[in-house]
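Have a look at the structure below before the remarks.
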Amino acid sequence: MGIVVQKFGGSSVANAEGVKRVAQRIVNTKKQGHQVVVVVSAMGDTTDELIDLANEVSPLPPARELDMLLTAGERISMAVLAMAIHDLGHEARSFTGSQAGVITDAEHGRAKIIDVTPGRVEEALAEGAIAIVAGFQGVSQTTKDITTLGRGGSDTTAVALAVALKADVCEIYSDVDGIFTADPRIEPRARKVPRISYEETLEMAAQGAKILHLRCVEYARRYNMPIHVRSSFSDKEGTWVVRAEDVVTEEITMEAAIITGVAHDRSQAKITVVGVPDKVGEAAAIFGALADAQANIDMIVQNVSAAATGLTDISFTLPRGEGQTAMTALARLQDTVGYDRLQYDDSVGKVSIVGAGMSSAPGITARFFQALSDAGVNIEMISTSEIRVSVVVAEAQVQEAVNAAHAAFDLGSDEIEAVVYGGTGR
Ligand code: ASP
Ligand code: MG
């Protein structure tokens, strides 16, 4: 009889009916003899609605108060979930992140967990109760203020608690049956991946696949906590995220899949600094200013300078939400750096192929690019890692690019496997 941590996302508890369905599922796990700790997200689109509300009240809400507001979403779901479990004849106790011992740094809106001291959760378990913890929140060690871990952070709460409690597994429930070879919303032939390594999952998540919070996967990898990603709407076995060696042992007899999946991201923008003098220190000045503006730069391409002019163009991508601040920071540099002009393009998207097998398989990039070419998709930028190739394309061609790559690497299943059970995709 071990400890199981179960995390339910907002779409699983979108309304009263969802809350009751999830309560039944938790009780079933408990009846199987497990000690159950539940981490829950805010109901449906509550977090987005609270952000909208804050923006209606104030153009620039103070970060401390915004965190206080947003954590209310998870408080609602944890309390109603506990009520629903009581109605099924079992004891459940809800805890805020702070009560559950989730200690963070003081960075509002993107706090990092630095310690988990779940004494009250352990007490509840020892007394036979089901513990329910509000996801995505903690308390700062220094300021004692309430913090949030960043959008989607409940996954990280769940893994951190699972590690602290030495749970057997961290189950993450959402509205799809696991991790797929592509987003089933745009690739109907997407296939469920039975097992995937932490490293591949990190690449997929970092490249925009909305599967798991990035930090939750890093945390799980560091402490080797297996994650089972599955749907709260079905009983199907989902996807196990485990160490690379544990993926290989099971599939050693099958022809190794070179590409595990295709990820896409529509949340980026591209900035081009046109006509940068090709001399020492220019890139340092440009990216120094962007760093000061807290921009998270992703792909960078610098062209070879034209011999006649000695000028070059530097393009990079970054999250769209940071685009305007970055443009302002760069505009201030025009006189010192002496570039020609800036170009801003937010109708771009990124498509990536990810697979641990690609480092030892030649020709992968060529096959990917040929598929894009056959589909009439123009590549604007390219970047690679050991286990990934990414391209930036026009946003309008993202879906075609995903479909083309998916087909080129034979990732599709013959039947339609993927069911999207809920969620508004917001
Ligand atoms: N409710 C928060 C959000 O929507 C946290 C989470 O869902 O994990 O981002
Ligand atoms: Mg949510």
Side-chain angles (χ1 to χ4, degrees), residues 5-15 18-19 22 37-55 61 63-81 94-98 100 102 104 107-113 116 132-139 146-163 170-176 179 201 205-206 208-220 225 227-233 241 265 267 319-321 420-426:
V5 174
Q6 302 188 315
K7 179 256 168 178
F8 294 93
S11 56
S12 296
V13 290
N15 48 30
V19 171
V22 163
V37 176
V38 176
V39 173
V40 71
S41 294
M43 295 172 73
D45 292 333
T46 301
T47 308
D48 293 288
E49 287 156 14
L50 291 173
I51 291 172
D52 291 347
L53 172 64
N55 291 333
R64 178 189 186 279
E65 303 311 327
L66 189 60
D67 272 0
M68 196 59 110
L69 176 70
L70 296 190
T71 54
E74 271 70 13
R75 262 191 192 231
I76 295 173
S77 40
M78 72 179 190
V80 292
L81 188 54
S94 64
F95 299 100
T96 63
S98 168
V102 180
T104 71
E107 290 287 321
H108 286 292
R110 51 167 181 206
K112 284 205 182 67
I113 296 179
V116 184
I132 304 185
V133 178
F136 145 85
Q137 54 178 271
V139 61
I146 297 300
T147 53
T148 64
L149 310 180
R151 298 307 308 273
S154 301
D155 293 350
T156 302
T157 306
V159 169
L161 266 173
V163 168
C170 181
E171 297 186 329
I172 304 232
Y173 287 88
S174 73
D175 51 6
V176 285
I179 297 177
T201 311
K210 294 191 185 70
I211 40 179
L212 289 170
H213 197 231
L214 199 55
R215 227 166 317 124
C216 123
V217 188
E218 285 168 354
Y219 212 105
M225 172 57 62
I227 304 178
H228 187 186
V229 183
R230 52 196 307 198
S231 166
S232 69
F233 295 81
V241 184
D265 184 355
S267 67
R320 220 171 268 178
V420 179
Y421 298 94
T424 60
R426 194 173 165 179

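The analysis underlying the following values was restricted to heavy atoms, covering all of them including side chains, and did not include hydrogens, waters or symmetry mates. Quantities reported herein were computed from a predicted structural model and do not represent experimental measurements. Counting convention: from 1, in listed order, for ligands and their atoms alike.
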Do any nitrogen or oxygen atoms of Thr47 come within less than 3.5 Å of a nitrogen or oxygen of ligand 1?
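Right, the criterion is met.
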
Below 3.5 Å, N or O to N or O, backbone or side chain included: is there any such pair between Gly152 and ligand 1?
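Yes, there is a polar N/O contact under 3.5 Å.
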
Ligand 1 contact by [X], heavy-atom criterion under 4.0 angstrom:
X	answer
Gly153	yes
Gly135	no
His213	no

Just wondering, are more than 12 heavy atoms of other shown residues or ligands nearer than 6.0 Å to CZ in Arg320?
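Enclosed.
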
Set out, in order, the CA-CA distance, both residues' side-chain angles and the distance that settles side chain to side chain contact (heavy atoms under 4.5 Å, CB included) for Val19 and Met43, then state yes or no.
CA-CA 9 Å; Val19 171; Met43 295 172 73; 4.2 Å; yes

Option from Leu212, Val39, Val5 for which side chain to side chain contact (heavy atoms under 4.5 Å, CB included) with Ile172 holds:
Leu212

Can you name the atoms of ligand 1, numbered from 1 with element, that are less than 4.0 Å from a heavy atom of Glu74?
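Within the 4.0 Å cut-off of Glu74, ligand 1 contributes 1 (N), 2 (C), 5 (C).
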
Please work out which of Arg151, Gln137, Met43 has its closest non-hydrogen atom nearest to atom 3 (C) of ligand 1.
Arg151

Can you check side chain to side chain contact (heavy atoms under 4.5 Å, CB included) on Ser98 and Ile146, steps first, answer last?
CA-CA 7 Å; Ser98 168; Ile146 297 300; 4.1 Å; yes

Among Ser174, Ser11, Ser12, side chain to side chain donor-acceptor pair (under 3.5 Å) partner for Ser232:
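The side chain to side chain donor-acceptor pair (under 3.5 Å) with Ser232 is passed solely by Ser12 among Ser174, Ser11, Ser12.
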
Between Asp67 and Thr147, is there a side-chain donor-acceptor contact under 3.5 Å, judged purely by atom types and distance?
no

If we set the cut-off at 4.0 Å for heavy atoms, which region of Ser41 has an atom near ligand 1: side chain, backbone, both, or neither?
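Answer for Ser41: side chain.
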
